[in-house]
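In what follows, a single structure is set out as structure tokens and then discussed.
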Protein chains: 2
Amino acid sequence: MKKKTGGSTVLDKADMRILSLLQREGRISNVTLARRVNLSPSPCLERVRRLEAAGLIQGYGARLDAAALGFGTTAFIQVTLDRTTAEVFDRFRDEVVLIPAVAECHMVAGGFDYLLKLRLADMDAYRSVLATIVDLPGVAQTHTYVVIEPIKADLGLPLGS
Amino acid sequence: MKKKTGGSTVLDKADMRILSLLQREGRISNVTLARRVNLSPSPCLERVRRLEAAGLIQGYGARLDAAALGFGTTAFIQVTLDRTTAEVFDRFRDEVVLIPAVAECHMVAGGFDYLLKLRLADMDAYRSVLATIVDLPGVAQTHTYVVIEPIKADLGLPLGS
DNA sequence: AAAAACACCGCACAATATTCCGGAGAAGGT
DNA sequence: ACCTTCTCCGGAATATTGTGCGGTGTTTTT
């Protein structure tokens, strides 16, 4: 990994492979990782540390079985606000991120304002959370899409290598 | 962690805390984890192994900076199929999961059939992927919502502890 | 009440991570 | 083309961690 002017970095094949492997197996030992990228442990660890320091690796996490832990239902909610002023947006954002069931929140272009991904125990929990959301400041209308079947789960970026 | 009849398991406070900690810091050492749950390393590791064997922990992964790695654009695409037969559904699913840019795919109820989450480099990549998707078997129409601003990223289940 | 089962702890050994050093290769300047 | 400089690589020693075993206290079963 070479440093570039301006604090940015350039990633070579080995770095990409490290990222790809760690993305899928975040807890493999450094020696195993080094073997798989055809490096000795020390430079491999040095690269990992640099990737972490550069912020390319933001952290590590365990993938949990949502259904087994009482979050078997996923739903998407489209939210439209009643006015498109900065103040209304800010207030909505500040409050929506505090709702634990809201796993993701995206501001989108193309018809409505926000798209929310919810992780819920069941439909009862959904009713309760929806009541919370429609009461958020500025919410004009919502539309819910309940996930019937998960086809593909998020397993990270398609780094290929 | 106690075993229950039927291969299922019951999770106590310590297990929930282990899951919560590992979800956010998947690479902490077992001794550190043990300290934080007020256990000695050996039973703590035994619990982790059991949670892994039970499938509650499905794996570990690094969280990468998507924007820095050339996936700065996120888009959601609603897909409606032309007929709602099992054969059409199956063919679509088999092919859509093979597209690398498709990070997630959910079958949903409430207006259209599938909701896709795409991770893309830019709008040029979007055009190319959209062309691929509309050419998939059975696709009648699509509607895209491009993410302008990410408000909340998926950081796992709200286990609280 | 006795016995079994369970979960915990602490210790010993193996594996791993971390840090140091010397050496090799590439880029840039003269 | 040569030399300087910089960066990276590989190996060895030390510190830390992971792992398996025996022992103990507590709870549950009969």
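Residue numbers start from 1 in every chain, and the chains themselves are labelled A, B, ... in the order their sequence lines are given, proteins ahead of strands. Atom set for the values below is all heavy atoms of this structure, side chains included, hydrogens, waters and symmetry mates excluded. This is a predicted model, so every value here is computed, not measured.
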Any idea which of [options] is nearest the [X] side chain?
X: A:L39; options: D:dG10, C:dT16, D:dG18; result: D:dG10
X: A:V31; options: C:dT18, C:dT16, D:dT17; result: C:dT16
X: A:R47; options: D:dC9, C:dT16, C:dC9; result: D:dC9
X: A:R50; options: D:dT19, D:dC8, D:dG18; result: D:dC8

Spatial distance of atom CG (B:L159) from atom CG (A:L64) [nearest 0.5 Å] |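 The CG atom of A:L64 is 6.5 Å from CG of B:L159, to the nearest 0.5 Å.
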Can you list the steps and then say if A:R49 with A:E52 is a salt bridge (charged side-chain N to carboxylate O under 4.0 Å, His left out)?
-> CA-CA 5 Å; A:R49 292 280 178 269; A:E52 290 171 351; 3.4 Å; yes
Please give, in whole Å, the distance from [N] [atom2] to [X] [atom1]?
X: A:D12; N: C:dA26; atom1: CG; atom2: P; value: 14 Å
X: B:N30; N: C:dT16; atom1: CG; atom2: P; value: 15 Å
X: B:E46; N: C:dC8; atom1: CD; atom2: C1'; value: 9 Å
X: B:E52; N: D:dG18; atom1: CD; atom2: P; value: 12 Å
X: A:R35; N: C:dT16; atom1: CZ; atom2: C1'; value: 11 Å
X: A:L33; N: C:dT16; atom1: CG; atom2: P; value: 13 Å
X: B:R49; N: D:dG18; atom1: CZ; atom2: P; value: 9 Å
X: B:I28; N: D:dG18; atom1: CD1; atom2: C1'; value: 14 Å

Does A:R127 come within less than 4.0 Å of A:D124, counting only side-chain N to carboxylate O?
->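 Result for this pair is yes, salt bridge flagged.
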B:S42 near the nucleic acid: base, sugar-phosphate alone, or nothing, with a heavy-atom cut-off under 4.0 Å?
->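 Base contact.
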Closest nucleotide of DNA chain D for A:N38 versus for A:R27: which of these residues is on the 5' side?
->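 Whichever sits nearer the 5' end wins; that is A:N38.
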According to the interplanar angle, ranging from 0 to 90°, do the rings of B:Y114 and B:F89 count as parallel (below 30°), tilted (30 to 60°) or perpendicular (above 60°)?
->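 Geometry flag for B:F89 against B:Y114: perpendicular rings.
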Test log, rule ring pair (Phe, Tyr, Trp, His ring centres under 6.0 Å), inputs B:F76 and A:H106 = CA-CA 10 Å; B:F76 288 88; A:H106 308 270; 5.1 Å; yes
